[in-house]
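Take a look at the structure below.
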Amino acid sequence: MARPPHYHSSIINLLTVKQQLLKRSRGGFNPFDQSRHFTPDQQQQQQDHFTDTARQVCEIIRTRPRWEQTILSQFPSQTLFDPTFVDQIINHQTNPLLSLRFLTWIRTHQSLDQYPNSCHAFFDRLVQSNASKAAHSLLRSLPPQFAPKFQSLESLIQSLSRDGRVEETLDVFSKLNSIGATPSVSVFNSALIGAIRVQRSDLFWGLYREMIECGLIGDAETAGYLIRAFCRDGKVDEAYELLRQVLDSGVVVTDSVAFAKLVSGFCKLRNYDRVSEILHVMIAKNCAPNVFTYQEIIHGLCRNGMGSEGFRVFGDLKRRGYAPDLVMYTTMIDGLCKMGRIGDARKLWFELIRDGFAPNEYTYNVFIDGNFKHGNVGEAKRLYEEMCGREWFRLSVLNCNTMVSGFCLNGRMDEACEMFEGMLEKGMEPDVITYNTMIQGFCKVGKTVEAVNMYGKLIEKGLRPSPATYTPMIQALCDNGDVKEAIGLWNDMQCRGVEPLVCTHEYIINGLCKQGNAGAGMEWMVSMLQNKLRPLRKTFDGLIECLASKGLLDDALLALHYMFGMGYVLGKPALNSLLGQLCKDDSFRASERLEGILDGN
DNA sequence: CTAGGGTTAG
């Protein structure tokens, strides 16, 4: 005999049934014909009966912090674990977290297999309300045989992807797989774009492989995402190759973001012929270059030391009636500042205001930075004050770093410190860039003690030092003849796993030579060479001169040998010093060996 | 609901 799907006997159920039967029998209805069936009306009444208790339970789980510990003593377990009752709770409960908690609690006592309707209802509701995280964790915590609706799973993938939880979509894809369903191309597309947004190439390609394994063929949208992914991975040529293939196959790509990324990528490679070709393709495919495309071109040119070209493109656009937007203005102002054309940058600053734009945080930042870099400290400070006075403005670490860097660059360490202290007072956390900038600033004005103190604070804060933390300190200490402390920092650097720059080795060699410690200098040189690093010619020069002056002719000749091996020639002062020593030193054999080395090269 | 672009050290 058929039973309603969630009917389970319990005391309350039995009572209800009895009441129903009594009611019906009074009306001359023969209950036994359908004794275990409920008409919709009966089901409604049964649910009505539950409503009171359900409401109470809902109230308790909403308001009592640790209801799990007491609820079984307040209500009969037959009620609480009755699937119909559970359905009630799930349907009444509007807070999904509480519903989830209730199901979790049920699960500690019963198998959730008994509650398919509750599970489906709750899952679908979470999906519909875009509660992707909760829906996903529910899916994970439910028994493997729980098979949600195909559409719900597809929707879940889409909302997870939108929320940047791309990794979590993998579970959902495998769930779909396990129920023998193939997601649509557009669902794959949403996951693919999600992976691009969170910059996870690994996930992107994993998803794409999955898509291929499902036997699906990507559409034009997929092609655009593939091009973007290749570009993001720096594989611009492969992106271009794909574009060609797709176009040849007759699929029309109109993803202007993909085109913009290609343009940007070829700008980076300085392949401007290709850039121009892509622009032609875009026009031919009815996907004319837009403000984003041109933005990538101008930015790409500026970033590659072709700012003048960028400025020319910018001018052409305006002449052709294209109105640059604020981002484009900002990019161009930054580009002009970085190529030393502060005057042109200032003109653009006024031009954008004339065009009705208001400089935003980015615009202020690049222009403040540009003014500092050109020594216009007063103007930079004025702009900073102006920016701080804007109602939209909220000071960020980056703004402060720009100020700190500007003051340091201009040797204004008092003002840099003031800015730095101001950050601390405002409760902002200076980052490694702030500290590195301060360290470099102190070193530049010879305040190495203060620089090392700053370094101590950086470590104290638990920030991770970078090569740029150590380089200026080691350089300054070596210049000041304090090589011992420099080597101390070097060791510290090694302990923290920070890879020194090539020049840092050289600072130490130069410092040692300056102190007349030629032997140690030679040891450092040997270790550099063992690490396959290429010292500058003048480092060899200095070391050889120092070795010679200390009478360490064997080492000097060995260094010379290495130097020639790298294709360098010895500078005149070092050569004179070496020859002088060889003659003075009555060491005939040494001069013979020098000849040997010279002949050998 | 409707993308994607710009800033600080080295």
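In this text the structure is predicted, and so the values were computed from the model without any measurement. A note on names: the letters A, B, ... follow the listed sequences, proteins ahead of strands, and every chain is numbered from 1.
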Worksheet item: Under 3.5 Å, is there a donor-acceptor pair between the A:Y384 and A:Y364 side chains?
Response: no
Item to complete: Would you kindly say whether A:T331 and A:D334 are connected by a side-chain donor-acceptor distance under 3.5 Å?
Response: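 Not at all, the side chains of A:T331 and A:D334 share no donor-acceptor pair under 3.5 Å.
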Would you mind telling me which of [options] lies closest to the side-chain atoms of [X]?
| X | options | answer |
| --- | --- | --- |
| A:I433 | B:dG5, B:dA9, B:dG6 | B:dA9 |
| A:Y362 | B:dT7, B:dG5, B:dT8 | B:dT7 |
| A:L326 | B:dG5, B:dT8, B:dG6 | B:dG6 |
| A:V366 | B:dT7, B:dG5, B:dG6 | B:dT7 |
| A:R197 | B:dA3, B:dT8, B:dG6 | B:dA3 |
| A:T363 | B:dG6, B:dA9, B:dT8 | B:dG6 |
| A:N360 | B:dG6, B:dA9, B:dT7 | B:dG6 |

Worksheet entry | Basic-acidic side-chain contact under 4.0 Å: A:K347, A:E351 |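 A salt bridge is absent here (no side-chain N lies under 4.0 Å from a carboxylate O).
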Item to complete: Flag the pair A:R244 and A:E277 as a salt bridge only when some basic side-chain nitrogen lies within less than 4.0 angstrom of an acidic carboxylate oxygen.
Response: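 Counted as a salt bridge, because a side-chain N and a carboxylate O are separated by less than 4.0 Å.
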Worksheet item: Which residue pairs pass the ring pair (Phe, Tyr, Trp, His ring centres under 6.0 Å) test when at least one of the two sits in residues 235-282 of chain A, sequence neighbours left out?
Response: A:Y240-A:F266
Quick one: label [X] by what it contacts on the DNA or RNA (base, sugar-phosphate, nothing), any heavy atom closer than 4.0 Å.
| X | answer |
| --- | --- |
| A:T330 | base |
| A:N290 | base |
| A:N436 | base |
| A:D255 | nothing |
| A:V404 | nothing |
| A:T293 | nothing |
| A:R228 | nothing |
| A:N399 | nothing |

Practice prompt. Kindly confirm whether the side-chain ring of A:F292 is stacked on the base of B:dG5, judged by centres under 5.5 Å and planes under 30°.
Written response: no
